[in-house]
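One structure is given below, encoded as structure tokens.
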Amino acid sequence: MKPQRQLRLLFIFISFFITTAAAARIRNAAAAPPQQFREAPEFYNSAECPSIENTHELICSDEAVHAAMTLDSAYIRGSMAAILSILQHSSCPQNIIFHFVASASADASHLRATILASFPYLKFEVYRFDDSSVSGLISTSIRSALDCPLNYARSYLANILPLCVRKVVYLDSDLVLVDDIAKLSETPLGENQILAAPEYCNANFTSYFTPTFWSNPSLSLTFADRKACYFNTGVMVIDLDRWRKGDYTRKIEEWMELQKRMRIYELGSLPPFLLVFAGDIAPVDHKWNQHGLGGDNFRGLCRDLHPGPVSLLHWSGKGKPWARLDANRPCPLDALWAPYDLLKPPFSFDS
């Protein structure tokens, strides 16, 4: 057989194999049952909690703890675990209202029904986030998951949530709390700070921006008057009143617009927050964000806890505890997430 004919047959065989494998993956995905979750126990306020009569009053109450999270089908399992952990460790769980932000293209009714099935008593609202409001500003980053428009919704909370919500605790979906969220919510923001978060001044801050940024005299002076340190945007206490008055969403968008013209960073929605806020945020104890448990953005290798006490465990990075547990390749610390997993095993699904 001539070499050219051999190559042609080999190419046909490989193409057939790839097509068949892709079709099998599609069939398997279609055949996979939808995720179903167990109902969580109901949690009640302790005697000293302030009484708030109804959900409408709670939404606008300064007595309530307001927690904001994004909600989508890809991370719903993590979200359910986070909700359970927050309620379980709260002294006033009935005074927490959850503000869930979902993509406008998502099936919001299904997401709402999923939450209600496991938490029928939960006080929450689901808000629709218009992906088109930010999709044109997003630049590709080092990991595709970071390019999802919903990942940028945290920059728009002041516009999405009701005006009567003055302060909110923003939380990622890949974390669990082992302490009372009210303590985090009560973080003092000082006279002028817009947000509070744990800072990590030992991190190499320059690595979050490209040589193009640092070599530009006008850009490199951005941090000249502040002691800028890295902070993780997966756990933040935000004063929404101050954010709205300062139009900080627009300030973040301006940096994203510049990024479209000249590449000044590589890491998704984090760098614009650093550009606007780094060096001018209220401090939070590191125990409130034991982050990086998902490893880096490339391999997601196992990591240990940072030294010190723990109030919040955060699997930021590529590796997620539910995925590693399902693959029977868990990291040691994934065992701390597992007790909050509400997923029903397939054999226990209701018929």
Side-chain angles (χ1 to χ4, degrees), residues 49-50 52 57-69 86 90-92 95-97 99 101 152-172 177 179-203 205 208-209 219-256 269-289 291 308-309 311-312 314:
C49 296
I52 303 173
E57 289 181 5
L58 191 63
I59 289 175
C60 292
S61 173
D62 290 336
E63 298 278 2
V65 172
H66 296 272
M69 302 172 66
I86 292 167
S90 172
S91 56
C92 302
N95 289 2
I96 302 173
I97 184 162
H99 301 271
V101 181
Y152 290 79
R154 70 195 80 191
S155 304
Y156 294 85
L157 290 175
N159 302 334
I160 297 169
L161 272 55
L163 291 175
C164 63
V165 179
R166 301 173 59 191
K167 184 170 70 172
V168 70
V169 178
Y170 174 80
L171 300 169
D172 276 351
L177 274 73
D179 203 344
D180 193 340
I181 191 175
K183 299 176 185 176
L184 179 59
S185 180
E186 291 165 0
T187 301
L189 286 167
E191 295 183 2
N192 300 307
Q193 272 74 36
I194 311 301
L195 61 85
E199 290 183 288
Y200 303 89
C201 294
N202 292 329
F205 189 79
Y208 291 96
F209 302 96
L219 294 179
S220 61
L221 289 174
T222 301
F223 302 106
D225 298 326
R226 347 176 212 156
K227 184 183 177 183
C229 297
Y230 160 75
F231 66 92
N232 180 278
T233 55
V235 179
M236 298 184 288
V237 182
I238 306 174
D239 187 315
L240 295 177
D241 276 350
R242 293 178 184 176
W243 184 294
R244 293 174 182 122
K245 290 175 183 176
D247 196 11
Y248 282 93
T249 295
R250 184 58 197 150
K251 289 179 170 63
I252 287 173
E253 287 180 336
E254 287 171 353
W255 283 110
M256 294 175 68
S269 63
L270 169 65
F273 266 86
L274 298 179
L275 287 160
V276 174
F277 296 111
D280 192 23
I281 67 174
V284 176
D285 193 291
H286 287 180
K287 69 180 183 178
W288 284 106
N289 195 354
H291 69 290
S311 291
L312 185 152
H314 187 188

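Numbers for residues simply follow the sequence, beginning at 1. Both backbone and side-chain heavy atoms feed into the values below; hydrogens, waters and symmetry mates do not.
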Any side-chain heavy-atom pair of [X] and [Y] under 4.5 Å:
{"X": "Tyr230", "Y": "Asn202", "answer": "no"}
{"X": "Ile59", "Y": "Pro162", "answer": "yes"}
{"X": "Thr222", "Y": "Phe209", "answer": "no"}
{"X": "Leu171", "Y": "Ile86", "answer": "yes"}

Practice prompt. For residues Phe277 and Trp243, establish whether the separation of their ring centroids is below 6.0 Å.
Written response: yes
Whether the [X] and [Y] side chains hold a donor-acceptor pair (N or O, under 3.5 Å, no angle test) is what I'd like checked.
{"X": "Glu253", "Y": "Tyr248", "answer": "no"}
{"X": "His314", "Y": "Asn289", "answer": "yes"}
{"X": "Gln193", "Y": "Asp239", "answer": "no"}

Worksheet item: Going by the angle between their ring planes, with limits at 30° and 60°, are Phe273 and Phe231 parallel, tilted or perpendicular?
Response: perpendicular
Item to complete: List the steps and the verdict of side-chain contact (heavy atoms from CB on, under 4.5 Å) for Leu275 and Lys251.
Response: CA-CA 9 Å; Leu275 287 160; Lys251 289 179 170 63; over 6 Å; no
To the nearest 0.5 Å, what is the distance between [atom1] ([X]) and [atom2] ([Y])?
{"X": "His66", "Y": "Cys164", "atom1": "NE2", "atom2": "SG", "answer": "7.0 Å"}
{"X": "Ile194", "Y": "Lys245", "atom1": "CD1", "atom2": "NZ", "answer": "10.0 Å"}
{"X": "Asp172", "Y": "Met236", "atom1": "CG", "atom2": "CE", "answer": "8.0 Å"}
{"X": "Phe205", "Y": "Glu199", "atom1": "CZ", "atom2": "CD", "answer": "10.0 Å"}
{"X": "Leu270", "Y": "Asn232", "atom1": "CG", "atom2": "CG", "answer": "7.0 Å"}

Expected output: side-chain [X] to main-chain [Y] donor-acceptor under 3.5 Å:
{"X": "Arg244", "Y": "Ala158", "answer": "yes"}
{"X": "Lys167", "Y": "Ser185", "answer": "yes"}
{"X": "Asn95", "Y": "Val65", "answer": "no"}
{"X": "Arg154", "Y": "Thr233", "answer": "yes"}
{"X": "Arg226", "Y": "Ala278", "answer": "yes"}

Worksheet item: Are the charged groups of Asp179 and Lys183 less than 4.0 angstrom apart, N to O?
Response: yes
Fill in: Stepwise side-chain contact (heavy atoms from CB on, under 4.5 Å) check, Val101 with Met69
CA-CA 6 Å; Val101 181; Met69 302 172 66; over 6 Å; no
